[in-house]
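A short write-up of the structure that comes next.
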Amino acid sequence: MTTALVTGATSGIGLGFAERLASDGYDLVLVARDPQRLELTATQLATAGVNVEVIAADLGDRERIREVEDRLRDERRPIEMLVNNAGFSANQRFIGGDVGAEQAQIDVMVSAVMRLSHAALPEMVERGRGAVVNVSSIASFLPFSTYSAAKAWVTSFSQSLATELEGTGVRALAVCPGFVRTEFHERAGIDIDRSNDTWWRDVDAVVQRAMEDLRRGRVISVEGRGYRAIAVGTHLLPRDALRRAERLRRSRIAGRRG
Ligand SMILES: NC(=O)c1ccc[n+]([C@@H]2O[C@H](COP(=O)([O-])OP(=O)(O)OC[C@H]3O[C@@H](n4cnc5c(N)ncnc54)[C@H](OP(=O)(O)O)[C@@H]3O)[C@@H](O)[C@H]2O)c1
């Protein structure tokens with residue numbers, strides 16, 4: 001049996017990956033903070049006939065990450081796929097905002113992704129197979145906030161890994177979703193117009209696209225034609241035009257708040 005470790009596996013995109021991997025026959029290691037929700041998710045996923053372990057850990061806590069790193073390095077129970085998915089948005093202005101919340105974004109979405117990839121990859125390369133899937137964001141292409149800067153790191157890091165991994169049999173993929181129906185926006189207190197369905201994607205579509213792109217050996221996965229156009233467009237537009245778009249976005253938000 002092959003095993004996948006998924007962070008942030010109790011909700012949204014992480015849960016979608018866990019469900020898909022369980023139905024593909026992967027045993028699972030689930031990581032998130034809430035232990036009760038982890039147990040509940042493990043029980044549900046085990047009905048697919050796979051083995052499910054849980055690790056309750058805050059990935060913003062360096063000590064707790066060590067337990068996950070040790071599990072990834074365990075040669076007797078190899079991990080074939082690492083899905084670095086856990087993440088959140090502090091949804092605040094940087095200036096005058098809570099610096100702890102800014103730091104937590106970097107800890108969970110940058111440091112933890114780097115450390116877990118560093119722990120997992122040597123074994124995968126040694127075995128000549130495996131994959132690291134990093135859930136980034138379409139925001140990684142846009143200069144919006146500490147969140148988008150952290151995701152820019154995730155996308156760039158995944159691309160760099162993919163290059164370093166060439167010829168090893170191991171793959172790296174950055175998944176760059178747009179708006180996805182999960183708990184993300186509610187948790188962040190993001191007031192967002194959900195009425196325009198065109199831009200909202202389902203978790204299953206994002207996961208399906210990511211798994212196909214991984215199989216094809218692609219390095220960036222973007223689900224939805226509109227989002228693919230943004231991904232291409234942001235590479236063609238000058239950075240100044242992107243900053244003007246960000247100014248417009250901020251003034252719209254300010255207008256809505258009133
Ligand atoms: N939804 C979107 O529109 C969207 C768009 C682009 C990118 N993304 C990215 O997709 C990823 C998943 O987000 P989602 O939309 O699926 O959000 P979600 O529904 O809120 O799920 C987040 C998951 O991460 C876990 N988590 C959060 N903080 C954690 C921490 N410090 N340590 C360990 N686990 C933690 C949560 O469980 P606990 O609370 O129990 O820890 C939960 O399982 C994130 O990286 C996000 O940035 C989302």
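The model shown is predicted, which means the values in this text are computed figures rather than measured ones. When a ligand or atom number is given, it counts from 1 through the structure's own listing order.
- Side chains of Ile13 and Thr182 form a contact here, defined as non-hydrogen atoms less than 4.5 Å apart.
- Here the options are Ser136, Ser137, Ser160, the test is side chain to side chain donor-acceptor pair (under 3.5 Å), and the partner is Thr155; only Ser136 passes.
- Considering backbone and side-chain N/O atoms, Gly8 comes within less than 3.5 Å of an N/O atom of ligand 1.
- Atoms of ligand 1 lying under 4.0 Å from any heavy atom of Asp34, numbered from 1 in the order shown and given with element: 40 (O).
- Counting heavy atoms from C-beta on, the side chains of Leu214 and Arg171 come closer than 4.5 Å.
- For atom 13 (O) of ligand 1, the closest heavy atom belonging to the protein is Phe184 CD1, 4.2 Å.
- Between Lys151 and Phe141 the shortest side-chain heavy-atom distance does not fall below 4.5 Å.
- Side chains of Arg71 and Arg77 form a contact here, defined as non-hydrogen atoms less than 4.5 Å apart.
- Side-chain contact between Met211 and Phe17 is present, with at least one heavy-atom pair separated by less than 4.5 Å.
- Residue Glu183 approaches ligand 1 through these ligand atoms, each under 4.0 Å from one of its heavy atoms: 19 (O), 20 (O).
- The shortest side-chain heavy-atom distance between Trp153 and Ser140 does not fall under the 4.5 Å cut-off.
- Classification of the Tyr227-Trp199 ring pair by plane angle, with boundaries at 30° and 60°, yields perpendicular.
- Near Ser137, meaning under 4.0 Å from any of its heavy atoms, are these atoms of ligand 1: 6 (C), 7 (C).
- Using a 4.0 Å cut-off between charged nitrogen and carboxylate oxygen, Asp70 and Arg66 do not count as a salt-bridge pair.
- At the top of the distance list for atom 19 (O) of ligand 1, counting protein heavy atoms only, stands Ser11 OG, 2.6 Å.
- The closest approach between Arg201 and ligand 1 stays at or above 4.0 Å for every heavy atom of the residue.
- Scanning the protein heavy atoms around atom 27 (C) of ligand 1, the nearest turns out to be Arg33 NH2, 3.4 Å.
- Only the side chain of Lys151 comes within contact range of ligand 1, with a heavy atom under 4.0 Å; no backbone atom does.
- Atom 8 (N) of ligand 1 has its closest protein heavy atom at Tyr147 OH, 3.7 Å.
- Aromatic pair Phe184/Tyr147: centroids less than 6.0 angstrom apart.
- Set against the non-hydrogen atoms of Asp58, the atoms of ligand 1 under 4.0 Å away are 30 (C), 31 (N), 32 (N).
- Contact annotation: Thr7 has no heavy atom less than 4.0 Å from any atom of ligand 1.
- At least one heavy atom of Gly178 sits less than 4.0 Å from an atom of ligand 1.
- No heavy atom of Arg181 sits closer than 4.0 Å to any atom of ligand 1.
- The residues Glu123 and Arg127 are annotated as salt-bridged, a charged nitrogen and a carboxylate oxygen being separated by less than 4.0 angstrom.
- Polar contact check, Phe88 against ligand 1: no nitrogen or oxygen pair lies under 3.5 Å apart.
- Neither the backbone nor the side chain of Cys176 has any atom closer than 4.0 Å to an atom of ligand 1 (non-hydrogen atoms only).
- Looking only at side-chain heavy atoms (C-beta outward), Trp200 and Val180 stay at 4.5 Å or farther from each other.
- By the 3.5 Å distance cut-off applied to N or O atoms, Leu59 is counted among the residues near ligand 1.
- In terms of protein heavy-atom proximity, atom 14 (P) of ligand 1 is closest to Thr182 OG1, 3.5 Å.
- Of the inter-residue distances, the one linking Thr168 atom OG1 with Glu126 atom CD reads 11.5 Å to the nearest 0.5 angstrom.
- Using a 4.5 Å heavy-atom cutoff, the side chains of Leu82 and Val133 are not in contact.
- Taking each of Ala86, Gly87, Ala188, Gly12 in turn, the one with a heavy atom nearest to atom 22 (C) of ligand 1 proves to be Gly87.
- Rounding to the nearest 0.5 Å gives a distance of 5.0 Å between CD1 of Ile220 and SG of Cys176.
- Near Val108, meaning under 4.0 Å from one of its heavy atoms, ligand 1 places the atoms 31 (N).
- An N or O contact shorter than 3.5 Å links Asn85 to ligand 1 by distance.
- Counting protein heavy atoms only, atom 36 (C) of ligand 1 is closest to Arg187 NH2, 3.7 Å.
- Heavy atoms of Thr10 found under 4.0 angstrom from ligand 1 belong to the backbone as well as the side chain.
- Around the CD atom of Glu164, the shell of radius 6.0 Å holds no more than 12 heavy atoms that belong to other residues, nucleotides or ligands.
- At a heavy-atom distance under 4.0 Å, only backbone atoms of Phe179 (N, CA, C or O) approach ligand 1.
- For Ala139, the heavy-atom gap to ligand 1 stays at 4.0 angstrom or more.
- Given atom 33 (C) of ligand 1, the protein heavy atom at minimum distance is Ala57 O, 3.4 Å.
- With hydrogens left out, the protein atom closest to atom 48 (C) of ligand 1 is Ile13 CD1, 3.8 Å, a heavy atom.
- Which parts of ligand 1 touch Ala9 is read off a 4.0 Å heavy-atom cut-off, strictly below it: atoms 43 (O).
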